Amino acid sequence: MRAALSPMLGHLAARRATGALLRGSGTLYLRDGEVVHAESPLSPGLDVLLTLGGRLPAEGWREAVERAGARRQVGRFLVDNGRLTRGELEVYHLGALYDAAFFALAPGSGPARFRSGLSHWLGPVRPVPAGDLQREVLRRRRLLEDLWPHPEVDAAPVVRIRQAVLPAPTRRQRALLELADGTRTPADIARRLGRPAFHVLIDVRRLAAAGHIQTPAPGPASSSRPPAFPKSPDSPAPGAAPPPSPVSAARFPEVSADPDIALLLRIRDALEARL
């Protein structure tokens, strides 16, 4: 891997630290130096992906948080009570983790600070080595750059261009365009659709390249810092931290490794390339 995205993350991984790494656009939760969860105000959470995605009723998620959040065992509660299989939980959780980490590790997202011992109320699911996470974030950046090398579209309100002759969008892209009202950002649209924000960015870049979406002019400092995320009715405040954990700090129990997840990630990579 080339230069690390976050030298502090690499330092914490080397120290096998446990706690929360807070950055301007998200938080990474570590246990023994591995990333076990991530949150960002620019990425739908696991709850949104499960409920709006149609896999879990909203009341099922609320029950799990109310009954198991204080014990930091929300994930285990969902599996033990038949709401999700273990494999489903791991795949959805990894999707949410990588999605949030993409934004949490964005360049120029402000100073980072570490809160030792802090853990997340979801509980142990699937740890990710810090080096693997940073390589995946770099891979995703390269993918977006290859699709349409104009990162301004990632944060600006999505403005649709209506012309008679344009390539036909896919069904997934049409759903995105229907929400492009000139005020919603890609992050807002991702929350509305219950899709990972990175997947929405893939469609936004492709639609911009095809002429369906307006590409804003780059700002004077766009190359040195991420663009500001404008407010919309669906947005949290720009740079806002994720909602605080409802429980106090505790250490996670051990989580075993499973080589099958590598196959699932390769399948995901192939699907993303075809989106």
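None of these values were measured; they are calculated from a predicted model.
Heavy-atom contacts from other residues, nucleotides or ligands closer than 6.0 Å to CZ of Arg115 number 12 or fewer.
Residues Gly194 and Leu49 come closest through the heavy atom pair O-CD2, 3.6 Å. Residues Leu89 and Gly75 share a closest heavy-atom pair of CD2-O, 3.5 Å. Nearest approach of Gly182 to Pro157, heavy atoms of both residues: O-CB, 3.2 Å. Between Leu30 and Ala17, the shortest heavy-atom contact is CB-O, 3.7 Å. In terms of heavy atoms, Val153 sits closest to Pro186 at O-CG, 3.5 Å. Of all non-hydrogen atoms in Pro216 and Ala156, the two that sit nearest each other are CG-CB, 3.6 Å.
With hydrogens and angles disregarded, a donor-acceptor distance shorter than 3.5 Å links the side chain of Gln173 to the backbone of Thr170. A donor-acceptor pair under 3.5 Å is formed between the side chain of Ser40 and the backbone N or O of Ser25. Although no hydrogens or angles enter the test, the distance criterion places no donor-acceptor pair under 3.5 Å between the side chain of Ser43 and the main chain of Ala197.
The side-chain heavy atoms of Leu5 and Arg141, taken from C-beta on, include a pair separated by under 4.5 Å. Within the 4.5 Å cutoff, no side-chain heavy atoms of Thr18 are placed close to those of Ser116. Residues His212 and Pro167 meet the side-chain proximity criterion, which asks for heavy atoms closer than 4.5 Å. A heavy-atom distance below 4.5 Å is found between the side chains of Thr215 and Trp148. Between Pro124 and His37, the closest side-chain pair of non-hydrogen atoms is not below 4.5 Å. Considering only heavy atoms from C-beta on, Thr85 comes within 4.5 Å of Glu88 through its side chain. Two residues are said to be in side-chain contact when any heavy atoms from C-beta on lie closer than 4.5 Å; Leu207 and Pro169 meet this criterion. Counting only heavy atoms from C-beta outward, the side chains of Leu133 and Leu97 approach each other to under 4.5 Å.
In this structure, Arg86 pairs ionically with Glu90, as a charged nitrogen and a carboxylate oxygen lie closer than 4.0 Å. A salt bridge does not link Asp181 to Arg160: none of the charged nitrogens lies less than 4.0 Å from a carboxylate oxygen. A salt bridge is absent between Asp146 and Arg205; no separation between the charged side-chain nitrogens and carboxylate oxygens falls under 4.0 Å. Taking 4.0 Å as the cut-off between side-chain N and carboxylate O, Glu34 and Arg16 do not count as a salt-bridged pair. A salt bridge links Glu136 with Arg139: at least one charged nitrogen is closer than 4.0 Å to a carboxylate oxygen.
Using a 4.5 Å cut-off between side-chain heavy atoms of Ile, Leu, Val, Met, Phe, Trp and Tyr, with links allowed through other members, Leu46 and Leu52 fall into different hydrophobic clusters. At a threshold of 4.5 Å between side-chain heavy atoms, the hydrophobic network of Ile, Leu, Val, Met, Phe, Trp and Tyr places Leu42 and Leu143 in one connected group. Put simply, Val204 and Ile161 are part of two different groups of oily side chains (I, L, V, M, F, W, Y) that touch within less than 4.5 Å, one to the next. No continuous path of ILVMFWY side-chain contacts below 4.5 Å connects Val36 to Phe77, so the two sit in separate hydrophobic clusters.
In this structure, the separation between OG1 on Thr51 and CG on Leu56 is 7.0 Å, given to the nearest 0.5 Å. Interatomic distance, His150 NE2 to Leu144 CG, rounded to the nearest 0.5 Å: 13.0 Å. Expressed to the nearest 0.5 Å, how far CG of Leu50 lies from CZ of Arg83 amounts to 11.5 Å. Going from atom CZ of Phe103 over to atom CZ of Phe198 covers 8.5 Å, rounded to the nearest 0.5 Å.
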Next item on the list: Take Arg195 and Asp203, measure what side-chain contact (heavy atoms from CB on, under 4.5 Å) needs, and give me the verdict at the end.
Entry: CA-CA 11 Å; Arg195 292 176 54 194; Asp203 280 338; 3.0 Å; yes

Next item on the list: May I have the step-by-step check of side-chain contact (heavy atoms from CB on, under 4.5 Å) for His93 and Leu122, ending in yes or no?
Entry: CA-CA 10 Å; His93 173 256; Leu122 180 67; 3.4 Å; yes

Margin query: For Trp61 and Leu78: C-alpha separation, side-chain torsions, deciding distance, then whether side-chain contact (heavy atoms from CB on, under 4.5 Å) applies.
Written below: CA-CA 8 Å; Trp61 177 264; Leu78 291 170; 3.9 Å; yes

Note to self: Run the side-chain contact (heavy atoms from CB on, under 4.5 Å) test on Ile213 and Val159 for me, step by step, so that the C-alpha distance in whole Å, both residues' side-chain angles and the decisive distance to 0.1 Å come before the verdict.
What the structure shows: CA-CA 6 Å; Ile213 288 175; Val159 178; 5.9 Å; no

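Checked options Leu28, Leu9, Leu105; the residue passing with Arg23 is Leu105 (criterion: side chain to side chain contact (heavy atoms under 4.5 Å, CB included)). With Arg192 as reference, Leu179 is the one residue of Leu179, Val200, Val48, Leu176 to meet the side chain to side chain contact (heavy atoms under 4.5 Å, CB included) rule.
The aromatic rings of Tyr29 and His120 sit perpendicular, their planes meeting at an angle over 60°, well past the 30° parallel limit.
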